[in-house]
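Bear in mind that the values here come from a model prediction, so they are computed numbers and not experimental data. To find a chain, count down the sequence lines: A is the first, B the second, and so on, and within it residues start at 1.
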Amino acid sequence: MVIQSLSPSEIYFIQQGVENNLRNDGRTRLDYRPFELDIGEISHAVGSSRIILADTHILVGIKADISAPDPLTPNKGSLTFSVDCCPSASPEYEGKGADYINIELAKQLERVMKDSNSMDLGGLCIMPGKYCWNLYIDAIVLDSGGNLFDALSIGVRAALANTRLPTIRITQGEYSTVDFEVSDDPEAMQSLDIDGVPINVTLTTIGNQFVVDCSGEEEQCMDARMTIGVNKRGNICGIQKGGVAGIDAHTINQMILAAKQVGSEILKTMDNVLKDHHIATK
Amino acid sequence: MEAFQKVHPLEFYKKFLERSVRPDGRGLDCFRKINISTGSIMTTDGSSFVKIGNTSVIAGVKAEVALTPTQSDNSISSNNNNNNNKMFVNVEMGPICSNIFSSSKPSEKAMSLCSQLNSLVNRLEINDKELYFDDQGKYSWYLYIDLYCLDYNGNLMDACVLAIMSALKNVKLPKGIVVESSASEAPQLFKDTEQPMRSLNIGTYLIPQTFVLLNDYLLTDPSLEEEKLSSGTISITFNDRFEICTLLYTGITSISEKILEQCLEKTKKRSTEIINLIDNCCTTINNSNNNNNI
Amino acid sequence: MTEKTTMTTQYLSEININIYTPSKRLGLMHHRSNCNINAGTSMQDVDVYSNKSNAKEEEMYDDENDPKTQFARNLVTPGTTISKEGEYLKGHGTFHHQGSLIASVSGVVDKVDKLVSVRAFHSRYQGEIGDIIVGRITQVAAKRWKVDCNARQDYILMLTAINLPGGIQRRRTSSDELQMRNFFVENDLIYAEVQAINGDGSVALHTRNQRYGKLMNGVLVSVPPALIKRSKQHAHTLDCGVDIILGVNGYIWIADSAQQQAQTQLIQRHEKDSYDQPLFVPPQVKQVSRESRQKIARVRNAIHILHTHYMLIHTRSIMEIYNMTLNMPLTDMLTPNKARQIITAVHTNIQERMGFKDDNEENDTDMISQFNHDTEMND
Amino acid sequence: MSKLSYISPEGLRIDGRRSNEIRRLNMRMGVLNRADGSSYYEQGNTKITVAIYGPHESTTQKSLFDRASIKCEFAMSSFSTSERKVKSRFDKTAYETSTLIKQAFESTVLTHLFPRSQIDIYVQVLQSDGGLKSAAINAVTLAMIDAGIPMRDYVCACSATFIEGSALMDLNHMEERSGGADLLLSIHPQLGGVISINMESKVPQEMFESVLDMALAGCKKIYYLLQEQVKKHSKDLMSNQLVG
Amino acid sequence: MKIDFRVTNPIATSIPLDYKIYKQQQEQQKQNEQQQTISVPVTTTSEPIKKRTNRSEEQFRQIFMKTGVVSQASGSAYIEIENTKVICSVHGPRASPKTELFESAKFSCELKFASFARPGERIDYMESAKEKDLSINLRQSIIGAIRLEKYPKTVIDVYVMVLNDDGGVLVAAITAASMALADAGVEMYDMVSACSSICIRNQSISNGSNGSGSGNGSSGAAPKVQSSILLDPTLQEEESKDSLGCVVVAKMPSLNEITQIIQTGELSYNNTIDGIDLCIDGCDKIYSIMKQNLISSLEKQVSKKLE
């Protein structure tokens with residue numbers, strides 16, 4: 001089926017639904033659809049996760065390699081994000097169609113995850129100035145049913161939680177060359193601390209109300225979208241507005257408050273799920 | 001009147017040329033107003049902004065350091081002879097300056113201009129000593145000159161040459177210090193910010209002049225319209241000892257020596273005017289000079 | 001604006017987020033997937049198949065009377081030959097090859113004396129004359145509209161095949177052609193009937209009836225067409241006060257019946273007297289109350305549950321789930337394991353009813369008997 | 001590379017398989033909701049998902065008046081191979097595989113039933129450990145059946161090679177890079193027709209027979225497993241309705 | 001593939017560092033020579049923020065604007081915010097090569113950095129992700145203000161070139177683009193003005209650990225860090241290690257609608273809200289300056305035509 005485009009009366013019906021806080025599928029304005037999260041499924045990657053949020057199906061894989069760090073930040077590793085909306089999500093993403101969406105998604109992830117120094121990149125550094133870990137975080141959107149920003153950030157956070165990097169021992173070789181051995185016994189794996197890693201909460205204004213986690217058809221009648229990154233400490237880690245229409249200042253404050261609330265809720269639930277997964281895969 | 005100009009541009013121009021005047025009021029030989037301002041870009045070692053009538057070009061020079069190529073490298077380097085191409089010119093004509101250029105594929109005009117300017121820039125007799133980073137000359141400066149056309153209204157060649165000249169005159173190079181650290185690591189290069197910066201003295205001046213043949217009238221300093229209607233363009237660059245650095249003729253009809261002589265005469269006449277133009281723009285050298293007469 | 005502030009703060013507290021382990025396990029991680037035959041280390045190969053490499057046309061080994069095998073015998077996959085001699089007629093989903101009839105889709109074989117056809121599980125809708133469908137206008141072309149009906153290609157609605165406003169019958173002039181846009185515009189939902197199937201496979205629709213026309217102020221749900229049982233009547237009013245149109249092509253339209261009646265009366269009045277001005281529907285006619293919205297949402301979720309569990313969709317199965325989830329909050333119907341509980345409960349109900357065999361179903365066959373061919377054909 | 005012996009003296013290969021065994025298969029159908037047909041196919045460590053849209057109104061002008069046109073796009077995810085390399089969908093190998101799939105299914109799908117319409121096939125490789133082309137063809141077959149698109153027969157493909165004097169079936173990445181003869185065979189198992197044979201390196205005549213037979217046996221085995229999976233999937237689908 | 005005619009230098013060149021800073025680091029290294037087993041190469045560490053000399057925390061940098069600078073474009077504008085210099089040209093509603101009907105105009109933005117725009121090494125020409133990201137944000141901010149349905153089947157292109165980057169590039173680009181669109185006579189609901197603010201950790205209180213200070217896992221509690229909010233930051237302030245986060249707001253002042261908000265870095269809820277409020281009334285101030293400049297430019301153009 002081609003991306004559903006709705007008739008004016010359907011859009012009006014959805015707006016009325018949002019107006020009196022009962023959406024087409026019975027959810028209220030701040031209800032999230034139940035989603036399924038699975039981690040550690042791709043054996044080649046150091047960390048991976050799969051998230052199914054109703055129709056949206058995203059797979060995140062993380063690969064790592066060792067290289068010299070960026071001269072500006074000698075004692076920090078690096079994170080690189082890339083998103084690929086493959087045409088199986090919708091025929092619209094075929095060929096060059098997906099370029100802009102991929103960049104926007106990847107840049108939003110980078111802004112939320114990297115600039116807000118949420119991850120302790122120091123931990124990724126093996127030897128300041130000489131060697132550090134570079135993490136390449138790649139996400140594939142297999143099926144898109146609305147709300148890609150949130151699903152992507154939850155998937156990336158889960159994949160980071162699942163990352164296991166082999167421990168490296170540095171021995172001072174003669175005449176100041178440095179050699180190090182990679183020990184790959186599964187027990188002595190170094191995992192990352194994802195406590196500070198934020199997730200996105202996207203609020204969409206339909207009519208003059210705003211809703212969370214909008215489905216594919218609700219995105220058709222979206223006026224404006226605001227994606228807000230929230231982390232466990234309740235801080236705001238990145239805001240980006242999308243959509244054509246403007247939003248007045250008062251609604252923005254409310255949106256940020258709602259995002260903080262919903263974000264901390266998701267983070268809490270997510271961490272228990274990751275804990276049981278952790279115990280299950282031990 | 002506009003309708004006639006749009007429908008039959010050539011006849012429209014012929015009417016004017018008979019009385020040896022141009023539609024915008026200029027005579028055949030007079031030039032559009034030129035103004036040059038330098039030092040407007042803080043992040044460069046030297047910059048200039050040239051505006052000839054409506055054509056405006058901005059030039060920025062960035063100086064970077066590397067090992068001076070020893071004599072052996074010198075022989076194999078390509079044809080341009082002196083200061084073994086330590087200066088690199090790049091021209092960008094993006095969609096900013098006019099809607100005929102697209103951002104994806106670079107235009108041929110920019111490419112041809114770029115190669116001409118690169119060969120021209122090596123005509124400036126700047127001896128190697130000027131570009132030495134440290135006293136022994138082990139390291140030397142490399143100048144990257146980037147030209148961006150901000151408004152394309154004809155006669156871009158002159159604007160670019162003037163921009164390069166004034167930008168190079170505006171260049172300030174700091175004194176270099178080389179610190180030999182432990183054997184293994186390469187020596188570290190520093191610039192000494194306490195001492196005053198020295199400017200680059202350039203051997204000669206480049207005096208550019210472009211003419212256009214419009215059904216056997218010779219027009220100087222053509223605007224975009226005149227360039228489009230013309231059957232040939234001649235561009236000449238002299239240095240201050242009136243030696244010809246470049247002479248380019250592109251056009252559909254052949255031209256006689258007589259016209260060439262005329263062009264050479266006219267350029268000679270005008271060279272003094274351009275030299276003091278370049279000089280006075282550079283005499284007001286003060287870093288905070290960011291006059292905004294763009 | 002003040003109303004909004006109280007709205008958001010009031011229910012900020014009870015936000016419930018629920019995360020599950022995936023029901024459709026992909027089993028990407030090799031050794032942990034529980035569905036393969038013998039759990040061994042990931043690299044160890046399944047050699048149980050190697051000795052059966054020369055499997056010929058293997059026999060079904062289940063016992064005869066279990067309904068599953070009785071059904072399983074009819075199951076075919078592409079390429080299996082249905083009959084060697086050739087006296088059967090070729091229906092849908094089959095093709096002739098060197099004299100023998102071979103199935104081209106995987107599905108259930110329906111043999112009606114000479115005609116053999118195979119009905120696939122998921123497949124696009126194949127129009128048949130007289131089918132009632134719901135479609136969405138994709139393009140306004142010269143003298144016709146192109147309509148997407150979840151089918152192999154867009155169906156065509158000719159300008160001549162619609163009722164002119166005011167019910168007058170006349171030849172279509174070029175001025176009608178110019179005002180096509182005020183009949184139907186892109187993305188409009190229409191309720192139409194298949195009029196004819198042309199030689200080259202393209203299908204013509206018509207809306208030459210009072211009931212047909214543009215659908216407004218409701219919700220559309222799309223399901224695989226195989227789940228909609230072809231029956232005489234497709235527009236129903238469920239006893240919970242919700243209008244539902246089960247399009248044979250898998251598009252289902254749900255709307256509030258009270259509001260739809262008010263809307264149709266308004267349109268009829270408009271058709272009679274002021275059909276030349278454009279139709280204006282006042283907001284109070286468009287208004288749908290919160291309770292009816294809840295009913296519509298419950299019906300929509302019920303259909304969603306039937307679709308995910310691949311069960312036939314018709315009024316009785318919808319109402320079955322509707323009544324069962326009356327006391328359950330709407331959002332619970334979305335959660336996967338709650339949905340599974342509902343389905344098992346529905347199964348046990350049908351089991352008991354099947355056991356008593358007391359109900360004399362109206363002509364609508366119940367789900368089990370639907371599968372022996374004779375009853376289904378005379379529908 | 002040190003002379004790695006591909007077959008140990010007892011006849012076992014690097015990953016412990018015998019010469020006539022295929023890697024473990026794990027398949028699922030109907031994985032994606034929005035696509036008409038979808039499948040997830042796993043052969044050893046090679047993991048592929050396929051989505052099929054169609055037959056639907058053909059968007060481009062190249063719609064054929066008498067039959068459906070098939071479009072295929074093959075993409076590898078950047079974390080699919082061991083070292084990370086961003087492979088665009090437009091590099092040579094991707095095009096080569098997509099045309100191979102397109103031709104294989106143009107001869108199998110009964111395209112004359114849907115004039116002027118279009119079938120889109122999108123193949124996405126999640127993890128690649130050799131045998132990409134054969135795994136992709138088998139995965140697309142499953143997705144086609146899930147989409148209910150009428151086909152003459154299954155299309156089963158298998159690769160085979162000739163290393164150190166014996167023919168091996170279903171190669172993984174290391175065996176593919178061993179430089180031996182690499183043959184890809186795709187057939188209609190029940191109608192018996194061969195759809196395509198791709199052989200890149202030169203092989204003596206008599207060796208060719210044994211490699212071909214090995215590939216044929218591989219295809220038959222894969223066909224048996226595919227059919228098993230389709231039957232199981234259909235039974236699951238019908239189970240709700242049947243038990244009632 | 002773009003054929004790259006650019007003239008490149010075979011020899012790899014680099015930027016010499018500042019000798020003064022090098023000397024200070026040498027002394028500092030000598031003191032703690034004992035623990036340091038592996039010598040850390042000297043790097044350009046971003047120095048802490050210098051107190052603002054010429055303007056207070058809530059004051060703008062000096063702004064100069066001019067429209068109609070490019071004769072060939074249908075509308076153009078040049079803006080200088082002290083050292084950030086941006087030129088923008090609009091090639092107004094022109095026929096679109098694509099044939100299919102679309103009722104509202106297509107709007108595309110492109111932002112490019114001149115290779116000498118940023119301090120430090122010369123940027124070689126390549127379509128960097130940073131430029132693409134800025135173009136997307138620029139388009140996002142402006143598209144809400146243009147009445148696209150007035151120009152069916154047309155394309156409006158905005159090209160922005162950054163000549164000198166000293167912080168606030170996106171702010172300058174948005175202001176220049178809306179001035180250029182007004183100059184091109186494109187119908188707009190309102191001009192879009194933009195403003196940025198930054199949240200800086202005061203040196204005195206900070207406990208030295210970079211990143212978000214001491215808030216360890218106590219969800220909801222903002223880190224106990226004294227921070228102040230500065231308006232219109234320069235590049236040095238933006239990239240210093242003391243900056244906690246930066247907020248950019250684009251707004252249509254007369255309709256009082258915010259068309260774009262971008263926040264980077266980690267800020268507590270109150271800091272974010274204060275930053276946004278500061279930007280909002282910053283936008284109103286800039287809006288009045290934009291109006292004056294536009295009117296004076298139009299007057300000059302009209303007077304030139306009358307002569």
Discussion item. Tell me whether C/Arg136 contacts the main-chain N or O of A/Ser5 through its side chain, where contact means a donor paired with an acceptor under 3.5 Å.
Written reply: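 Yes; at least one donor-acceptor contact below 3.5 Å.
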If you compare all heavy atoms of [X] against all heavy atoms of [Y], which two are closest, and at what distance to 0.1 Å?
| X | Y | value |
| --- | --- | --- |
| A/Arg23 | C/Ala297 | O-CB, 4.4 Å |
| A/Gly26 | C/Thr331 | O-CG2, 4.0 Å |
| A/Asp25 | C/Asn301 | O-ND2, 3.3 Å |
| C/Pro283 | A/Tyr12 | CB-OH, 4.4 Å |
| A/Phe13 | C/Ile296 | CZ-CD1, 4.0 Å |

Fill in: Top contributor to chain A interface from C/Asp188, C/Leu334, C/Val185 [non-hydrogen pairs under 4.5 Å]
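The residue among C/Asp188, C/Leu334, C/Val185 with the greatest pair count is C/Leu334.
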Worksheet entry | Pair C/Arg290 + A/Glu19: basic N to acidic O under 4.0 Å |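 A salt bridge is absent here (no side-chain N lies under 4.0 Å from a carboxylate O).
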Practice prompt. Check the pair C/Leu220 / A/Glu10 against side-chain contact (heavy atoms from CB on, under 4.5 Å), numbers first and verdict last.
Written response: CA-CA 8 Å; C/Leu220 179 81; A/Glu10 280 165 298; 3.7 Å; yes
Worksheet item: If we ignore angles and hydrogens, is there a donor and acceptor under 3.5 Å between the side chains of A/Ser7 and C/Asn187?
Response: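 Checked: A/Ser7/C/Asn187 side chains show no N/O donor-acceptor pair below 3.5 Å.
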Practice prompt. Let me see the working for C/Arg293 and A/Asn20 under side-chain contact (heavy atoms from CB on, under 4.5 Å), right down to the final yes or no.
Written response: CA-CA 10 Å; C/Arg293 272 187 191 280; A/Asn20 43 44; 3.6 Å; yes
Item to complete: Could you check C/Leu330 against A/Leu22 for side-chain contact (heavy atoms from CB on, under 4.5 Å), going step by step and ending with a plain yes or no?
Response: CA-CA 10 Å; C/Leu330 272 172; A/Leu22 179 76; 4.0 Å; yes
Item to complete: Flag yes if more than 12 heavy atoms outside C/His304 fall under 6.0 Å of its NE2 atom; otherwise flag no.
Response: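 No, because the 6.0 Å sphere around NE2 of C/His304 holds 12 heavy atoms or fewer from other groups.
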